[in-house]
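This one's a predicted model, so the numbers in the text were calculated from it and none came from an experiment.
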Amino acid sequence: VRFSESGGGLVQPGGSLRLSCAASGFTFSMYAMSWYRQAPGKERELVALITSAGSSTNYADSVKGRFTISRDNAKNTVYLQMNSLKPEDTAVYYCKAPQFGYWGQGTQVTVSP
């Protein structure tokens, strides 16, 4: 099982980023996927979750209305579209299949003027 996140970077407040996570080593289309983040000095927190077919999503209250999780099962990839970014969104972002205990290397998102 492997996850490879990409798409992070430095962005100004109010800006947007799109994160991607390529998954391998399991039947991607059969599993829900999630995005987590970990800010400096804080615990890792769940940001968004999407069901295996993409028919249902859930979000942390802090990102509702700003972030959108989606997936392409043909490409074994899950995405996180992040709009209206705030400095408090600064963190390392990770994707994960909840059923597996594996993490990728994460991608750094920094929101700063």
Side-chain angles (χ1 to χ4, degrees):
V1 175
R2 182 176 179 183
F3 304 105
S4 181
E5 302 93 341
S6 62
L10 174 63
V11 63
Q12 293 185 342
S16 298
L17 283 174
R18 188 193 194 204
L19 306 184
S20 299
C21 170
S24 60
F26 64 105
T27 307
F28 180 79
S29 61
M30 294 181 64
Y31 292 89
M33 289 294 298
S34 58
W35 282 96
Y36 284 76
R37 67 185 181 186
Q38 187 166 22
K42 295 188 177 181
E43 294 188 354
R44 198 168 294 186
E45 64 171 348
L46 177 64
V47 174
L49 176 74
I50 187 168
T51 53
S52 57
S55 56
S56 181
T57 57
N58 281 291
Y59 298 91
D61 287 343
S62 58
V63 307
K64 279 182 182 177
R66 301 188 297 121
F67 290 11
T68 302
I69 188 172
S70 62
R71 65 190 295 160
D72 185 339
N73 284 347
K75 295 182 178 180
N76 286 5
T77 301
V78 61
Y79 304 97
L80 186 67
Q81 177 67 44
M82 305 186 296
N83 298 328
S84 302
L85 283 161
K86 304 175 181 180
E88 51 264 44
D89 295 317
T90 295
V92 179
Y93 285 71
Y94 303 87
C95 70
K96 187 180 187 294
Q99 289 87 344
F100 299 116
Y102 297 92
W103 296 92
Q105 83 287 349
T107 186
Q108 175 70 47
V109 172
T110 303
V111 185
S112 179

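The backbone N or O of Ala53 sits nowhere less than 3.5 Å from a side-chain atom of Ser55 that would complete a donor-acceptor pair. Thr90 contributes a side-chain N or O that, together with a main-chain N or O of Val111, makes up a donor-acceptor pair within less than 3.5 Å. Side chain of Thr57 to main chain of Ile69: no donor-acceptor pair is present (N/O by atom type, distance under 3.5 Å, no hydrogens or angles).
Of all non-hydrogen atoms in Asp61 and Lys64, the two that sit nearest each other are OD1-NZ, 3.2 Å. Among all heavy-atom pairs drawn from Pro98 and Ala32, the shortest one is CD-O, 3.2 Å. The two atoms that bring Gly8 and Thr107 nearest to each other are N-OG1, 3.0 Å, heavy atoms only. The two atoms that bring Leu10 and Ser112 nearest to each other are CD1-CB, 4.1 Å, heavy atoms only. Here the closest heavy-atom approach between residue Ala97 and residue Phe3 is recorded as N-CZ, 3.5 Å.
Screening residues 1-17 for salt bridge (charged side-chain N to carboxylate O under 4.0 Å, His left out) gives no qualifying pairs among residues at least two apart or on separate chains. Screening residues 92-113 for salt bridge (charged side-chain N to carboxylate O under 4.0 Å, His left out) gives no qualifying pairs among residues at least two apart or on separate chains. The stretch residues 16-40 participates, sequence neighbours left out, in these salt bridge (charged side-chain N to carboxylate O under 4.0 Å, His left out) pairs: Arg37-Glu45, Arg37-Asp89. Sorted by first then second residue, the salt bridge (charged side-chain N to carboxylate O under 4.0 Å, His left out) pairs that include residues 104-113, not counting sequence neighbours, number zero. Identified under the disulfide bond (SG atoms under 2.5 Å apart) test for residues 11-113, with sequence neighbours left out: Cys21-Cys95.
The ring pair (Phe, Tyr, Trp, His ring centres under 6.0 Å) test applied to Phe28 returns no partner, not counting sequence neighbours. Ser52 meets the side chain to side chain donor-acceptor pair (under 3.5 Å) test with no other residue; sequence neighbours excluded. For Ser16, the side chain to side chain donor-acceptor pair (under 3.5 Å) partners are Asn83, not counting sequence neighbours. In this view, Phe100 and Phe26, Tyr31 satisfy the ring pair (Phe, Tyr, Trp, His ring centres under 6.0 Å) rule, not counting sequence neighbours. In this structure, the side chain to side chain donor-acceptor pair (under 3.5 Å) partners of Asn73, at least two apart in sequence or on a different chain, are Arg71. Evaluation of the salt bridge (Lys or Arg N to Asp or Glu O under 4.0 Å) rule for Lys42 yields no partner, not counting sequence neighbours.
Remark: Tyr93 OH to Leu80 CG distance equals 7.5 Å, nearest 0.5 Å. Taking OG of Ser34 as the start and CD1 of Ile50 as the end, the distance is 11.0 Å to the nearest 0.5 Å. Rounded to the nearest 0.5 angstrom, Gln81 CD and Arg66 CZ are separated by 12.0 Å.
Hydrophobic clustering, with ILVMFWY side chains joined whenever heavy atoms are under 4.5 angstrom apart, keeps Leu49 apart from Val47. Hydrophobic clustering (side-chain heavy atoms under 4.5 Å, transitive across Ile, Leu, Val, Met, Phe, Trp, Tyr) keeps Tyr79 apart from Met33. Both Val78 and Tyr102 sit in one connected hydrophobic cluster of ILVMFWY residues. Membership requires side-chain heavy atoms under 4.5 Å apart, directly or through other members.
Hydrophobic cluster membership for Trp103: Tyr36, Leu46, Val92, Tyr94 (Ile, Leu, Val, Met, Phe, Trp, Tyr linked by side-chain heavy atoms under 4.5 Å, directly or transitively).
Annotation: Gln12, atom CD; neighbour count of heavy atoms from other residues, nucleotides and ligands within 6.0 Å does not exceed 12. The local environment of CD in Glu43 is sparse, with at most 12 non-hydrogen atoms from other residues, nucleotides or ligands closer than 6.0 Å.
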